[in-house]
Amino acid sequence: MIVRNCAGGVVFCGDEVLVIENDKHEWAFPKGIVRPGANMIDVAKERVNVECGVDASVLVPCGKTHYEFYSVTRRKPIHNNISWFIMKCDKKDISLDPEQGIVSAKFVPVDDALELITYSQDRTLFMMAYQRYKEITS
């Protein structure tokens, strides 16, 4: 089994949150692999920027999720450990890089995000992140 550490961002702009649709048509949040020696916060900011063209700042850490899948190309199971950060941006401008495997990205109201997000652990993460975001910004 391949174990990978990843970092990602739950990005808010006002009362909306950034969600992405990957090439499997799953709705989630931007994230990426943390290479040895890299900083988790830097990776989270970079992935948000590379995948969506959004310049966001990190406010606070907001939790971790884990999942496993089987990689057909590697012919091995992969276990991802993702550290998440609550992030904030000032503009809702999105610029997708087609090479990143992201089909769509958009800022949506909180209620819409709960309906869109594919996996339950991501919905739970989002609800906790939103509550903490409101505490920090009010």
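Here, residue 1 is the first one in the sequence, and each next residue gets the next number.
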Check salt bridge (Lys or Arg N to Asp or Glu O under 4.0 Å) between Glu135 and all other residues, then give those that pass, not counting sequence neighbours. Arg132
Distance col, row Asp122:CG vs Lys31:NZ, nearest 0.5 angstrom, shows 6.5 Å
Inspect the surroundings of CG in Asn81 and state if more than 12 heavy atoms from other residues, nucleotides or ligands are less than 6.0 Å away. yes
From the list Phe85, Phe107, Tyr133, ring-ring contact (aromatic ring centres under 6.0 Å, His included) with Phe12 holds only for Tyr133
If you compare all heavy atoms of Ile94 against all heavy atoms of Ala105, which two are closest, and at what distance to 0.1 Å? CD1-O, 3.5 Å
Does Asp55, at its CG atom, have more than 12 non-hydrogen atoms belonging to other residues, nucleotides or ligands within less than 6.0 Å? no
Val3 with Ile82, same ILVMFWY side-chain cluster at under 4.5 Å: no
How would you list, by chain and number, every residue that makes a salt bridge (Lys or Arg N to Asp or Glu O under 4.0 Å) with Lys92, sequence neighbours excluded? Glu16
When rounded to the nearest 0.5 angstrom, what distance separates OG in Ser57 from CD1 in Ile41? 11.0 Å
Say you draw a straight line from CG of Asn80 to CD1 of Ile33; how long is it, rounded to the nearest 0.5 Å? 7.0 Å
Show the nearest heavy-atom pair for residues Cys89 and Val11, with the distance to one decimal. SG-CG1, 3.9 Å
Side-chain heavy atoms of Ser83 within contact of Lys64, under 4.5 Å: yes
Hey, does Ile2 have a side-chain heavy atom less than 4.5 Å from the side chain of Ser71? no
Could you tell me whether the side chain of Arg123 reaches within less than 4.5 Å of the side chain of Trp27, counting heavy atoms only? no
Could you check if a side-chain atom of Val17 sits within less than 4.5 angstrom of a side-chain atom of Tyr130, using non-hydrogen atoms only? no
Closest approach of Leu125 and Cys62, non-hydrogen atoms and distance? CD1-O, 3.8 Å
Interatomic distance, Lys106 atom NZ to Cys52 atom SG [nearest 0.5 angstrom]: 13.0 Å
Is Arg75 close to Tyr70 at the side-chain level, that is, under 4.5 Å between some pair of heavy atoms? yes
Report, as yes or no, whether the 6.0 Å neighbourhood of atom CG on Asp97 holds more than 12 heavy atoms from other residues, nucleotides or ligands. yes
Interatomic spacing from NZ in Lys88 to CG in Leu18 - rounded to 0.5 Å: 15.5 Å
For residues Gln121 and His66, report the shortest heavy-atom separation together with the two atoms involved. NE2-O, 3.0 Å
Tell me which one of Arg47, Lys45, Glu46 satisfies side-chain contact (heavy atoms from CB on, under 4.5 Å) with Val43. Arg47
Report the residues that fulfil side chain to side chain contact (heavy atoms under 4.5 Å, CB included) with Lys91, sequence neighbours left out, ordered by chain and then residue number. Asp93
Compare every heavy atom of Leu96 with every heavy atom of Val103, then report the nearest pair and how far apart it is. O-CD1, 3.8 Å
Can you say whether the rings of Trp84 and Phe29 are parallel (under 30°), tilted (30 to 60°) or perpendicular (over 60°)? perpendicular
Working to the nearest 0.5 Å, report the span between CD1 of Ile117 and CD1 of Ile20. 11.0 Å
Which atom of Leu116 lies closest to which atom of Val19, heavy atoms considered: CD1-CG2, 4.1 Å
